[in-house]
Amino acid sequence: MATLAARLRSFTAGDLFYSFRRSRTTVLATTVLALMMLGALLAPLVAPHDPFDIASLSLLDSELPPAWMEGSNPAYWLGTDTQARDVFSSILYGLRISLFVGAASVLLAAVLGVFLGLVGGYFGGLLDAVIMRVADVLLSFPAILVALLINGVLRGILPAGQQESAALIVLVLSIGLTNWVQYARTVRGSTLVERQREYVQAARTIGVGSLRIMRAHILPNVLGPVLVIATINLGMAVLTEATLSFLGVGMPATMPSLGTLIRVGNEYLFSGIWWVVIFPSATLAILVLAVNLLGDWLRDALNPKLR
Amino acid sequence: MALLEVDRLRVEFPTRNGTLTAVDDVSFTVEEGEVLGLVGESGAGKSMTGAAIIGLIEPPGHIAGGEIRLDGGRIDALRGEALRKVRGKQIGAIFQDPLTSLNPLFTVGDQLVETIRTHLPLSVAEARRRAVDWLAEVGIPAPDKRIDQYPHQFSGGMRQRVVIALALCAEPRLIIADEPTTALDVSVQAQIIALLKKLCRERNAAVILVTHDMGVIAETADRVAVMYAGRLAEIGPVKQVLEKPNHPYTAGLMGSIPRIGPRPERLIQIAGSMPRLSDIPAGCAFNPRCTRVFADCHVHRPRLAASGDGAVACLHYEGARP
Amino acid sequence: MTRTMSLAARRPAGTAPLLEVSDLRKHFALPRPFLNRVLQAEQHQLVRAVDGIDFTIERGKTLSLVGESGCGKSTVAKLVMGLIGTTSGRIVFDGVDLSHAPAGAPAKLRRRMQMIFQDPYASLNPRWRVRDIIAEPLQTYRLCASRAEETREVDRLLEFVGLNAKDGDKFPHEFSGGQRQRISIARAISTKPDFLVCDEPTSALDVSVQAQILNLMREMQRELGLTYLFISHDLAVVNFMADWIGVMYLGRLVELAPAETVFASPQHPYTRLLLDTIPDLTMARRGREPVAGEVPNPIDPPPGCHFHPRCPFAESRCRSEPPQLRETVLGASTACHAVEEGRLPPAVASGFAGGAIPTDGAHLLGKIAPPDQQLVG
C-alpha cells in the first residue's frame, strides 16, 4: 500500500498530471468520459427503467416525447420509443455494450499488434516480412470493409442459432482483428530504434535472452505511443461498432448498442419521434469527441518535442 | 568602444518548480576583429549566452536582466524586423550540426543567393556570382558546379564550409560559432577552425567561439571567457588563462585534459560534477568541488575582479582573506 | 601474417594472449529494394566495415584502436562481443574460438568479457532502477545465492565505482553523465570479468569528468588485473590508457605498435596526420597549415591503399596494390608501401621522448628522425 501511495504521489507531482491539470478541455473531456463510463458500468443500478423487461413495458407509454415537451411523462426523461422503452435507459445500456465492444476490441488489437510488432521488429527477417505484408494488405482496404469481411466469415462459421448470442464476440473479433495493424507498425518502428540503443546491446552482451530483452527492456520503452493510439482507437472502435450495428450486422435489436439504437430509431426519424434517434446519436458523438480530445492531449503530452 | 558589450546579462527559464537562471550576471566585451572563446562544460550556460546575443532563446526562456549592446546600440530587446536586420546582417551564426543549418530542399546556391540578397542590394546574377566566389573562398573545389548541388551531396566538412560561407556572405561584423567542429572528424576540425579564423581575420569580423574543447580555444582564441554554472569564472588573454589560470576551476579543467607526452599515473581530476541549475550552491557555485575552498566561499558570491590582464570571480582574488 | 608469427616468437612460454583476432572481416550489404534489383539490375552494395585485421592483446594490457568515423573501430568492438556476426576471420578468447558465437554465449566465457558503451544516456534502460540495472548480470549468470547477497554485492559495486549505496534506488535520469558512466562500469565489472571492451567510454563526457572516469579505469586495471580493448578517436586519451595502439583507416589497420613507438616514431602517413591534428594546448604551433582532405565514403573507398588520395607520398603502386602490415621499427608494424620501400622521411613525434612539442613550426609530416631510430624493415 505504501508503494501504491508513493506512486500516486509521484504521479500527481509529475509532468503528465501537471500538463493534464493545465488543459481545461482535457479535464472536461475526461470528466464527461468518466461519467459516461460510470453510467454504462452501473446501468442496471442507475437506469430508471429496465428496457429489456418486457413485463414492465406498457404500450400506453410508447412514443412519449422528452420530459420538457407537451404530452410527456416526467418518469421518462428523454421520452420513450415505439415499444415504450425509456430512451435514457436504453442509451445507458447501449453505452455499456458500445464501450465494452470498443474497449475489448482495442485491447485485442493492442495485444496482438504489440506482440507482432515487437517480434517482427526484434527478430526481423522472414517473420517480419510476413507480418508486415499482411499488415500492408489489411491497410490497403478501408477498415470497415475488412471488419465486414471478418464479420461475414465469422458469422458464416457460426451455426444459425448462436448468431445473436455470439454477436458481441463476433464484433470484438472483427474490429480487433482489423485494427492491430497500426499498433504493429508503430511498435515495430520503435522496436527497430530501441534494439539498436546501447542499453539493449548492453543486455545482449550480458547474455540476457531475447524474450526477456523484448519483455523487460524494449516493451516498457515502446508502450508510450501505444497508449496514445489505444485512446484514439477507442473512439474509432466505438464508431466502427456503431457502423456495423447500423448496417445491421452488429448487435441485434434485443441487445442494442448505440449503433443499433440509431439504426432502429432512424426508421422513425420522419414520423416525428426524433428523440429516439437524436439522443443516442448525440451520446455517440459526445463519447467519441471526448475520447479523441483525451487522445490528442495524451499524444501531445507524451511527445517530448511539443513539451 | 568595443564592438559588442554584454553587461550583467541574465537569462531565466521559468518552470513550475521555480525559475532557473541559465545565465547569471555575465559581462564581457568583444573588440572588433577579435576571437573570444566562450568555454565551459555542458550546462555552463555558454550556448545560452551565444543564443541571447543573436536573440535565439527559445521561450519560455527570456533575457531577465542586463543589456547587450552592438556598437553602443541595445540589441537585447529587439523584436521582429529589427531583430532580423541585426541577425544575419550584423551578426552571423554557425552551429554544431551543419545539416540543421542548411535547408535540405534547396541547393546551396539558392540558400547563398537568398541570404546575400536579403542583406545586400544585389541582382540575382550578381548575387550568384558572389555565391560562387564565396564557395571558392571557403575551399570548395569546382564551386561553379557545386553551387547547384543539394546539402546532402556534400561531405560533413564541406557542409560546414558552406555554413561558414552562409554566415559570412552578408558581411557581418560578429560571428557566433557554437561548437562549429564538434560533429566533425578530428582531421577536418583543424581545417574548419583554420578557415574560420582566416576568413574572419581578412574581413575584420569578430568571433565568439562557443566550445567545450580547450584545444580549439588554444588554437584559435585571442581571449577566453570560462563559464561555470551560468556564471563567468574567469576571463583573460588565452595565454594567461590556459597557462597560468587563476580560478581553481580553470586550473582543474586544464589539469584534467589528457596530453601527449610522458604518461602520468593519474590525471588531475575535479571531484563531482557541475550542479544542476535547480540546485546551485550558495556563495561560489564551484565551492563543493573546489580544492581551495574556505568558509567565506559558502556565503559570499565572488564578483569579477581584475587579475593580471584579465578578471576572475574567486574570493581568493577579491582581497578577502584566503 | 609475418607480424603474428614474429609476435608469437617473442612471447614467453605459458602466457598466451587473452584475445587473438586474425584476418577479421565484416562486410555489410546495403540492400537495394527488390524492384530496383529486378528492373534496373542493381546489385547489393558491399561496405567492407572491417576488412581483414589482425591483432592480439596480452593479459592485463590495453590495446587501443584509434581512427576517424567510418574506420570500423566500433564494428571491431561489436564483433568481439558477438553483437554482430563475423563475415570471416577468427576471434579467439583465452584459447576458445568465438568467431561464430553470438553475444552472451557460451555463458562461461562471455561472463568474462563485458563492454562499456559510449553514450551513458543510452546505455542504461531509462525505466529501470540503478539497482536492477547492476543486478541484471548477477541474475543472468546466477552469481548470487540469495537476494540479500545480491543487494550487498550491488552496494559494494556502487561504492567501488565511487557512488553511494543508496543511489541504487534511483533512476538513471537522476544522475549526471559521469555518474551514469560509473553505473555502466559497475554493471560491466559485476560479473568479475577479465576483459573489457570500452567503446569511446568518455567521448560523451565533459573533460573534468572524463579525467575521473579514465583514472577509475586505470585503477580498475591495476586492482582487478583487467585487459582492455579501448576504442577512441582521441589520441591524447589513448596516450593515457594504451599499451598498444592500432590505427585504423577505412576498415584496415594501417599501423599497430607499442604506444610509445606510435608517439615517438609514427610510421604511417595517416598516423602522422592524426598526431598532427591534436590541438596543442601550449599554443606553440598556432597558425600551422592543417592537412587537407576528408575520410572518403566507406561505400566506395579508393583502390589500392585507401589513404593514397590524401597521402603526400603516394605513387602508382599505392593506387593499385593494397599494402600489407609489415614489421618496421621497434616492434611496430605498418601497412605502407612508402615505409616498406624506405622512401618515407622518418618522423619523430615530439613530446614523448621527453621535451615539449617543438616550437619551430615544423610539423610531423616529413620531419627527419635521428639516425638511431631509422627504419629497420
Side-chain angles (χ1 to χ4, degrees), chain B residues 39-44 139 141 155-158 181 183-195 197-198 212-221 228 238-239 242-243 249 252-276 289, chain C residues 68-70 175-179 205-216 218-219 233-242 259-260 263 270 273-283 285-297 310 349-357:
Chain B
V39 69
E41 301 180 282
S42 44
S155 67
M158 287 297 157
T181 60
L184 304 173
D185 268 327
V186 283
S187 67
V188 183
Q189 282 186 7
Q191 300 167 19
I192 296 296
I193 286 294
L195 174 72
K197 199 171 167 180
K198 167 176 158 273
H212 70 281
D213 188 340
M214 278 293 186
V216 170
I217 295 286
E219 304 259 319
T220 317
Y228 186 82
V238 65
K239 205 142 179 85
L242 265 60
E243 287 179 354
Y249 172 62
L253 201 60
M254 292 307 298
S256 63
I257 303 172
R259 297 173 190 232
I260 300 301
R263 182 210 276 206
E265 264 310 297
R266 279 177 72 80
L267 296 167
I268 297 168
Q269 63 181 48
I270 311 177
S273 50
M274 176 140 21
R276 294 178 187 214
R289 305 176 71 186
Chain C
E68 298 175 280
S69 58
F175 295 90
S176 68
Q179 289 171 320
L205 303 178
D206 282 319
V207 276
S208 72
V209 178
Q210 165 172 283
Q212 300 169 7
I213 298 296
L214 292 178
N215 282 337
L216 174 66
R218 283 278 298 272
E219 273 164 35
H233 69 277
D234 186 337
L235 275 168
V237 168
V238 165
N239 175 43
F240 180 68
M241 292 299 297
E260 314 87 77
F263 288 104
Y270 180 62
L273 183 155
L274 277 184
L275 284 168
D276 193 52
T277 60
I278 300 173
D280 173 19
L281 290 169
T282 61
M283 287 162 286
R285 295 187 301 153
R286 276 174 83 131
R288 71 186 194 280
E289 195 61 34
V291 189
E294 281 184 62
V295 179
N297 188 343
R310 300 171 75 185
S350 30
F352 206 89
I357 288 164

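The chains referred to below are lettered A, B, ... by the order of the sequence lines, with proteins before strands, and numbering in each begins at 1.
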Options B/A194, B/G40, B/S42, B/A190, ranked by heavy-atom pairs under 4.5 Å with chain C, top entry: B/S42
Contacts of type side-chain hydrogen bond (donor to acceptor under 3.5 Å, both in side chains), residue B/E41, not counting sequence neighbours: B/Y249, C/S208
Side chain, backbone, both or neither of C/E68 within contact of chain B (heavy atoms, under 4.5 Å): both
Within 6.0 angstrom of B/I268 CD1, more than 12 heavy atoms from elsewhere: no
Per-residue contact mode, C/V295 against chain B (heavy atom under 4.5 angstrom): side chain
Toward chain C, the part of B/K198 with a non-hydrogen atom under 4.5 Å: neither
Lys/Arg N to Asp/Glu carboxylate O, C/R218 vs B/E265, below 4.0 Å: yes
Residue part contacting chain C, namely of B/I217, when any heavy atom lies under 4.5 Å: backbone
Between B/V216, B/D213, B/V238, the one whose heavy-atom pairs under 4.5 Å with chain C are most numerous: B/V238
Which atoms of C/F175 approach chain B - backbone, side chain, both or neither, heavy atom under 4.5 Å: backbone
Test item: C/T277 and C/L273 side chains (from C-beta on) under 4.5 Å apart, heavy atoms: yes
Min side-chain heavy-atom separation B/M214-C/V207 under 4.5 Å: no
B/Q269 side chain reached by B/S256 side chain, heavy atoms, under 4.5 Å: no
SB check C/E294 C/R310 (cutoff 4.0 Å): no
C/L281 versus chain B, the contacting section by heavy-atom distance below 4.5 Å: both
B/M158 versus chain C, the contacting section by heavy-atom distance below 4.5 Å: both
Side-chain touch B/R289/B/M274, heavy atoms, less than 4.5 angstrom: yes
Option that, when pairs with chain B are counted at under 4.5 Å, heavy atom only, ranks first among C/H233, C/M241, C/Q210, C/Q179: C/M241
Which portion of B/A44 sits near chain C, non-hydrogen atoms under 4.5 angstrom: neither
Chain B contacts, top residue of C/G178, C/G293, C/P296 (heavy-atom pairs, under 4.5 Å): C/G293
Chain C contact via B/L242 - side chain, backbone, both or neither, heavy atoms under 4.5 Å: side chain
Partner residues of C/F240 under the ring pair (Phe, Tyr, Trp, His ring centres under 6.0 Å) criterion, sequence neighbours left out: none
